[in-house]
Amino acid sequence: MTESHPTEPAEDVGSLEQVPNAEFVQLFTKSQRRLFLFILAQVSNLADAEEILQDTNVIIWSKFHQFQLGTSFFAWAGKIATYEILKYREKKRVGRLQFSDEFISRVAAEVIELSDELEQRREALSECLRRLKVDDRELIQARYAPGENGLKVAEHLGRPANSVYQSIGRIRKVLFDCVTRRLTATARTT
Amino acid sequence: MTPRDIANLTPEFFELLEALCEDRLDQADAQRLEQFVLRDANARRAYLAYLDLHGTLHWNTAFGTDGANFEPAVSSRLALDADAVRPAAGRGQRRLIVLAVCVTVIAVFSFSAGRWFVPNNDQTPLATHDEPRTTQSQDINRVELVAVTRNHEERSPSRPVMLTDRPKSENPMPEATDDLRESKVDGNTSIVASDASLQRPVGGNMVVKGDGSVQGIVAVINEHLAAGWKVQGVEPSPLADDAEWLRRVYLDVVGHIPPVDVAEKFLADRDLRKREKLLDTLLDDPAYVRNWTVVWTNLLIGRSDSRDVNRPALQKYLRESFAKNRPWNEMVGEFISAEGSFDQNGATNFLLAHLNNQAVPATAITAKIFLGRQIGCTQCHDHPFNDWKQDAFWSFNSFFQQTKVARVDRSDDTGKMKSQASALETKHVGGPTHFETRRGLMQVTYPKFEGTSISEDADTNRRNELAKLMTSGDKPLVSESFVNRMWDHFFGCGFTRPVDDMGPHNPPSHPELLDHLAREFVASGYDCKQLIRWICLSDSYQRSSRFGKTNEQDNPETGASPLFSRVYVKGMTAEQLYDSLLLATGADKTPLATGDHDRRRHEWLQQFVHAFQTDENDESITFESSITQALLMMNSELTQQALSMDRGTFLEKLISSRDPEADKIRRLCLATLTRYPTPKELQALRRLVHEGTTSRSNPAGWQDALWAYLNSSEFVLVH
């Protein structure tokens with residue numbers, strides 16, 4: 001992959017490795033979900049976020065040797081992602097739902113500030129999922145099965161789309177509140 | 001972000017977020033959402049958290065739960081547990097140790113199987129991991145060793161595993177046995193200590209006919225249950241000693257553990273009929289009224305504040321009714337037929353809480369709570385059901401058709417409007433109720449209950465008629481389901497599981513006994529206190545919750561039909577735990593009986609409760625008697641109060657007394673666990689107290705000891 005960047009080998013050919021080492025791979029894989037969510041916060045659409053993540057990953061892999069072990073992987077990768085988001089927004093400016101630049105920059109700043117809390121929330125989520133009523137859990141699983149959305153689920157179930165949107169919305173809110181409550185409860189004890 | 005931050009956000013904001021998640025946001029919506037997010041930091045955080053949740057759900061189902069493929073490191077559950085056992089800074093380390101000592105020396109239950117268990121040594125590494133002070137670690141190891149040896153001694157196959165060893169632990173049937181023998185000799189008429197409770201009946205088919213007296217009915221219960229043991233080849237658990245029984249009956253009847261003085265007196269009392277006498281005292285205790293008010297408020301309107309009801313008015317209604325020991329059928333009738341405003345007639349609040357959505361929740365919940373029948377699913381279109389059942393649902397629903405919720409203005413003396421109240425009114429409309437079958441066919445039905453139809457005239461008050469139909473007869477469902485519910489309350493398992501899902505598809509474990517009790521309950525005039533007497537004085541209720549080889553198969557947790565050869569262990573409810581904690585520690589010096597206390601407890605509970613907006617208005621309480629939850633609670637502000645040395649707390653009084661140290665520790669144990677410490681436990685605790693307490697002004701060791709006891713699973717279980 002490094003071949004695609006002909007300018008770089010000139011800098012320090014001798015010390016460059018040809019493939020990322022194990023630690024890098026681990027950092028990379030561990031950061032995937034967080035990176036995805038970081039992107040999602042700014043583009044708000046799952047498919048867009050996935051596409052941008054793919055683009056970002058390509059760059060990350062091609063520039064792996066620029067990353068210095070011991071520094072924050074996420075900070076490094078986040079910069080790449082931010083740039084990719086920008087590129088994507090340029091490209092899709094026409095015909096897509098758009099938030100203002102101000103909105104994006106405020107949200108981007110906040111998401112970094114909030115990253116610890118968001119991480120805790122992700123951990124609490126699985127417990128909240130377990131506590132859902134069985135029917136609700138099945139519905140939410142159906143909604144998030146790969147390639148699905150509320151509309152398609154409604155078609156499979158033969159239910160009116162609005163009622164499915166409502167159910168899914170209710171369950172998401174239940175989860176959201178449950179996570180918030182759990183975090184508050186944990187915060188009280190520490 | 002706290003629940004309050006979220007409560008301040010508008011429903012519109014969440015609707016926009018929802019639209020965003022489902023790609024249904026148009027440009028105008030997007031701008032609106034932007035405004036929210038840019039203007040309000042709270043909305044910004046909620047936006048991020050919501051999208052994060054949305055994204056996490058997407059990611060996890062696409063790439064495996066918890067993104068397992070990517071983040072195999074720590075399961076979230078473990079992380080949470082670790083948080084839970086990390087109490088307030090500084091003293092945390094030490095408390096872990098204390099807890100570990102406690103786990104090995106005292107603790108003794110396992111939640112999962114709902115059975116008594118030998119201490120699990122898995123838990124001890126807690127101590128060694130987190131302990132920087134080596135001397136302490138060595139102590140732990142020693143205690144642990146002691147605990148292990150003790151367990152080996154006790155694990156002899158010939159008798160049940162005895163969990164808490166007492167001075168008399170060689171004798172599997174302490175004290176109570178002597179009482180029984182004596183009572184037999186001198187002909188004392190004590191019911192508890194009757195012959196029937198000691199000897200197995202000879203003939204299974206020789207069922208005693210009750211004469212309606214407490215003794216008679218208790219004898220029938222004993223007979224039926226013993227017959228079941230015989231058939232199944234089960235030997236019941238030994239009788240519970242006085243301490244075990246006392247704690248249980250207190251929690252079950254009045255909702256909190258016994259006060260230390262009462263326990264002291266009761267254990268020393270030589271009166272052969274002391275159990276009966278104590279039960280009578282408890283039934284007259286103001287806490288009896290409080291406890292059943294709590295139990296029924298939770299059943300009738302739930303713990304959540306989300307519904308438009310007047311909780312205090314309902315509680316006042318319940319308090320007055322339980323204080324007068326009013327017949328249960330009268331109360332049920334009033335809940336069904338209640339009219340008026342929710343502040344002036346507290347009974348209206350039950351229906352007011354459930355009249356949303358065409359009274360579908362009201363229909364389902366009335367059937368579930370008062371009739372023990374789950375008919376909720378028969379109203380819906382998605383499940384297979386036969387049309388008759390669906391018809392039955394809607395003909396029952398038809399009784400609620402005339403019900404109307406009105407708003408009444410409340411003005412002060414000057415005539416100025418102060419507030420609004422909700423009220424139940426009856427519309428004078430008649431006619432059928434319409435419903436749609438699964439095939440989309442519109443059907444009609446008329447008010448009909450258990451085969452009895454009433455007039456569908458506009459002038460017939462349907463709820464009044466329903467109240468009459470439900471609460472009359474020799475053995476209506478109202479009686480049967482109430483008996484079943486009460487039995488479940490005391491034994492930790494009803495004649496059916498779940499307790500409110502009775503019917504031909506789920507036959508009771510003891511049909512004849514249930515039938516008999518349901519009839520006797522009607523004959524008693526639906527006397528709740530009598531029913532409690534029958535249950536609490538029965539032979540089975542005198543038995544220990546410990547069990548041995550001879551009856552280990554009697555474990556409803558495994559799906560087996562209950563035999564009641566022991567009392568099943570249950571977790572304390574949140575209310576029981578709260579009240580018991582205050583009672584044991586004096587954390588809150590105001591008397592338990594005041595309204596303020598109820599309000600504070602209710603507010604405290606809200607952090608655990610969440611209401612679902614389903615057809616049955618379900619709610620979940622994230623509080624369970626799991627160790628994690630207990631710890632979460634135990635490290636709260638409430639516990640800080642409990643351990644405080646403020647004037648009037650239990651600890652303050654204990655430490656400032658002039659009693660010898662050993663007596664103080666005994667008292668500490670009695671106040672929290674309703675038993676005296678074992679000699680080894682006493683020794684371990686003395687060491688703990690010594691090491692932590694540097695002076696009277698720094699009684700850290702005492703606080704640790706109390707904290708350890710409160711955190712033991714023995715404390716949070718009803719056994």
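This one's a predicted model, so the numbers in the text were calculated from it and none came from an experiment. Lettering of chains follows the sequences in order, A, B, ..., and the numbering in each one begins at 1. Hydrogens, waters and symmetry mates are skipped; everything else that's a heavy atom, side chains included, is used.
Using a 4.5 Å cut-off between heavy atoms, A:Leu53 contacts chain B through its side chain alone, with no backbone atom that close. If you measure heavy-atom distances from A:Leu40 to chain B, the contacts under 4.5 Å come from both the backbone and the side chain. Both the backbone and the side chain of B:Tyr50 come within less than 4.5 Å of a heavy atom in chain A. Using a 4.5 Å cut-off between heavy atoms, A:Glu117 touches chain B through its side chain atoms alone. For A:Leu114, the part lying near chain B is the side chain, with the backbone staying farther off; criterion is any non-hydrogen pair under 4.5 Å.
The number of heavy atoms from other shown groups lying within 6.0 Å of CD (A:Gln166) does not exceed 12.
Heavy-atom pairs under 4.5 Å with chain A peak, among B:Met1, B:Gln31, B:Glu15, B:His54, at B:His54. When each of B:Asp5, B:Val37, B:Leu48 is checked for heavy-atom pairs under 4.5 Å with chain A, B:Leu48 comes out on top. For the set A:Ala145, A:Ser100, A:Gly150, A:Ala49, the count of heavy-atom pairs under 4.5 angstrom toward chain B peaks at A:Ser100.
A search for salt bridge (Lys or Arg N to Asp or Glu O under 4.0 Å) contacts involving B:Arg24 returns nothing, not counting sequence neighbours. Scanning for side-chain contact (heavy atoms from CB on, under 4.5 Å) contacts around A:Thr180 gives A:Arg121, A:Phe176, A:Thr184, B:Pro3, B:Ile6, with sequence neighbours left out.
With no hydrogens or angles considered, a side-chain donor-acceptor pair links A:Asp48 and A:Tyr88 at under 3.5 Å. With 3.5 Å as the limit, one finds no donor-acceptor pair spanning the side chains of B:Glu22 and A:Asn149.
Judged purely by atom type and a 3.5 angstrom limit, B:Tyr47 uses its side chain to pair as donor or acceptor with the backbone of A:Ala41.
Side-chain contact check for A:Leu157 versus A:Leu139: some heavy-atom pair is nearer than 4.5 Å. A:Tyr165 has its side chain within reach of A:Leu151: a pair of non-hydrogen atoms, C-beta onward, lies under 4.5 Å apart.
A salt bridge does not link A:Lys173 with B:Glu18: none of the charged nitrogens is closer than 4.0 Å to a carboxylate oxygen.
The contact list for residues 38-46 of chain B toward chain A, using heavy atoms and a distance under 4.5 Å, reads B:Leu38, B:Arg44, B:Arg45, B:Ala46 by residue number.
Under the disulfide bond (SG atoms under 2.5 Å apart) criterion, the residue pairs touching residues 98-177 of chain A are A:Cys128-A:Cys178, with sequence neighbours excluded.
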